[in-house]
Structure formats: C-alpha cells, structure tokens
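This structure is a prediction, so every number in the text was calculated from the model and none was measured. Computed over heavy atoms, backbone and side chain alike; hydrogens, waters and symmetry mates excluded.
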There are 2 protein chains.
Amino acid sequence: MSTPDGATIDPHDVLGYLLKHAAARFAAVADSALERHRIDSKELGVLRMLAGREGTSQLALADALGIDRTTMVAVLDGLERKGVVDRHPDPSDRRRNVAELTQQGQRTYEAAEADYLAAENAFLSALSSGDRAALRRGLRTLVVDPAGAAPAR
Amino acid sequence: MSTPDGATIDPHDVLGYLLKHAAARFAAVADSALERHRIDSKELGVLRMLAGREGTSQLALADALGIDRTTMVAVLDGLERKGVVDRHPDPSDRRRNVAELTQQGQRTYEAAEADYLAAENAFLSALSSGDRAALRRGLRTLVVDPAGAAPAR
DNA sequence: TATTGTTATACTCTATAACTATA
DNA sequence: TATAGTTATAGAGTATAACAATA
C-alpha cells in the first residue's frame, strides 16, 4: 500500500498537476491563436490593460499584471518596436513613463482580443456550460481569495 | 471603446490569467506544505509514481510526468541523495535504470502526501463543494481532452 | 530620501546535442 | 541501428542589485 489508508493516488488527478497542465495547454493554444498578430499572451495582457485607459505608468502596468517592473521594460520595448505602443514621460511627474496604445495598437488589440476569446471558447468547448461557469467562478475565487495562501509573488 | 463591440475586458478575468495564477498560487502553497519533508511538488510527483509500483524506468517516469528524461536524471539524483529513492539497472535490460522507493522513501511519501492533500483541501476551502467538483472535473477534461489544443509538450 | 525607469547580472528551469553502454 | 541514461551546454524567463533622473 502506498498511502496511510492504503489508497493509491492517480498522479494525473492531483490539483497541482491539473492546474499546471491546463495552464500550459491553454497558453500554447492562446499563443498559437495570437501568432498572426505577432504578439503573445503576455503582450496581449499589456495591450488589454492599456485599452480604454488614458495612459498607464510602467510600474502600474507591472503591478497590475503581477510581473516585475524590470520585465515590463523589455515587454514595452518590444511593443514599441512593433509600433503598437507609445511611451512618453508624464508631464505631472516626469519620473513616470506613460504607455498608451497607438492607433495601430488599438486595431491590433481589437483583432487579437477577438481571436483570444475565440481560443478561450474553443478550449472550453468540451465542458458543459454549467462546468464552464463553475470553473471560471472557482478559479476567480482561488486567484482573488486564496485561502491560506501566500500571494504568488 | 476598446474592443470591436465596445466592451471592456477585465485583465484579471481572462482564462489565461486565472489558470496561470491559480497554478502559481497553489504551487506556492503546496511547496510550503512540503517543506518540512524536504521535498517539493515535482519530487512528490515522482514519489507518487513510484508508490505502489514494482519499479519504474527513468524514461517511463519522465514520460508519465511530462518532463524531459534529462531533467529526470537531476530529480532522481536529488531524491537518491536524500535517501528516499534507490536506483539499479534492470536485469532484463541493462540499459534501463529502475527507480523505487526506499523504506524511508515510503514513509516520506505517505507523510508528504497527507500534507499535500490537506493543502489541496485548504486551498479549495473557499469553494462550494459543487464548484469544487466541477472545477476538478473541468480541469480533468481540459488536460486529458484539450479541444483543438496542441499537446503541452 | 524615496520613487521610476533602466541596465547589467544572476538565477531557475528546462530542453538540445553529444557521448557511453547496452540491445 | 536504436534506446536509456548521462553530461555539458544553451536558451527562455524572470528576479536582484545598482544607477540616473526626478520628486
């Protein structure tokens, strides 16, 4: 027997394995759906933050997306090189660099977001609509209110 | 307006963000629960594969856990150093190295698995039992049968 | 002094390529 | 020739430390 009560645990049915592999698989699906827009999931996350906003400092972007500000520098470098994001100092606090979508960036965001949402739907298509809702609700709770959890960063 | 239909998408409510952060948060919780056994989640995965089995080749272990065989070498090196795993060549095919739990490894596995399962329960405690079941069922479906998905590796 | 962006550096994780031994 | 394990190496991704500009 392998556990104290004699039960054997299926290594593919533990929460950690399921979450990790579901996340990895969806990341692959999403990145492949975004390929034709020449951006990846992380870059879409930045465009999404910028869409419908006046302009956001690099630090605010980094904090909101849960990544380091030094990482954000490289992400924005890439997006600026692609012509979808524009950076300029905040006149009211010149330490801040404000990022915003260019016109092309707005178009890229809209098209990429549509493909991303389609990829979400396709990925979830094997689930009943009830399970789909419960999955999203459950994940939202786990991420927002992680019982007994240290924050992920 | 930020999307074609004018809706704004909450960056914290997209599937990719939710899956990635739920996985990261649980990994932190699980690793912290396993600390006192001096193993991490990946190592527990190996012990779990070995528990209740006759002996498993390194390649079979690697394939089953979805990691590379070169990575498995290092993982088993660590587990052997800790005295929880034993390696010896398979007499019927001396290319194969068979891994199995030591007596201490069996004890470590049982204790660590109990703490891991407790961490799972604590992590999910904010969810209703219906949502908990739906979450697990949904994840299982997504990982086993990823609609329109390229395998994660 | 503290904050923001930046750069250089280091670290973790994992995969690829090449080698040895066995089949 | 092909397979299993090993080693050395490289790459992606990310974080830490230090610095310049600004507050």
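B:Arg95 has no side-chain polar atom (N or O) that falls below the 4.0 Å cut-off from OP1 or OP2 of D:dT3. The shortest distance between the side-chain N/O atoms of B:Thr71 and the OP1/OP2 oxygens of C:dA15 is below 4.0 Å. Phosphate proximity of D:dA4 to B:Arg87: absent, as no side-chain N or O sits under 4.0 Å from OP1 or OP2. OP1 or OP2 of D:dA4 has at least one side-chain nitrogen or oxygen of B:Arg96 nearer than 4.0 Å. Residue A:Asn97 places no side-chain N or O under 4.0 Å from the OP1 or OP2 atom of D:dA21.
The side chain of B:Leu59 approaches D:dA4 more closely than any other nucleotide in the set D:dT7, D:dA4, C:dT6. You'll find that the side chain of A:Thr70 is closest to D:dA15, out of D:dA15, C:dT14, C:dG5.
Checking B:Leu59, B:Asn97, B:Val46 one by one against B:Met72, the side chain to side chain contact (heavy atoms under 4.5 Å, CB included) holds for a single residue, B:Val46.
Residues A:Tyr17 and B:Tyr116 keep their aromatic ring centres 6.0 Å or farther apart.
Nearer the 5' end of DNA chain C, as judged by each residue's closest nucleotide, is the contact made by A:Asp93, out of B:Pro91 and A:Asp93.
Between A:Arg69 and A:Gln58 the shortest side-chain heavy-atom distance does not fall below 4.5 Å.
Under a 3.5 Å cut-off, the side chain of B:Arg94 and the backbone N or O of B:Pro89 do not form any donor-acceptor pair.
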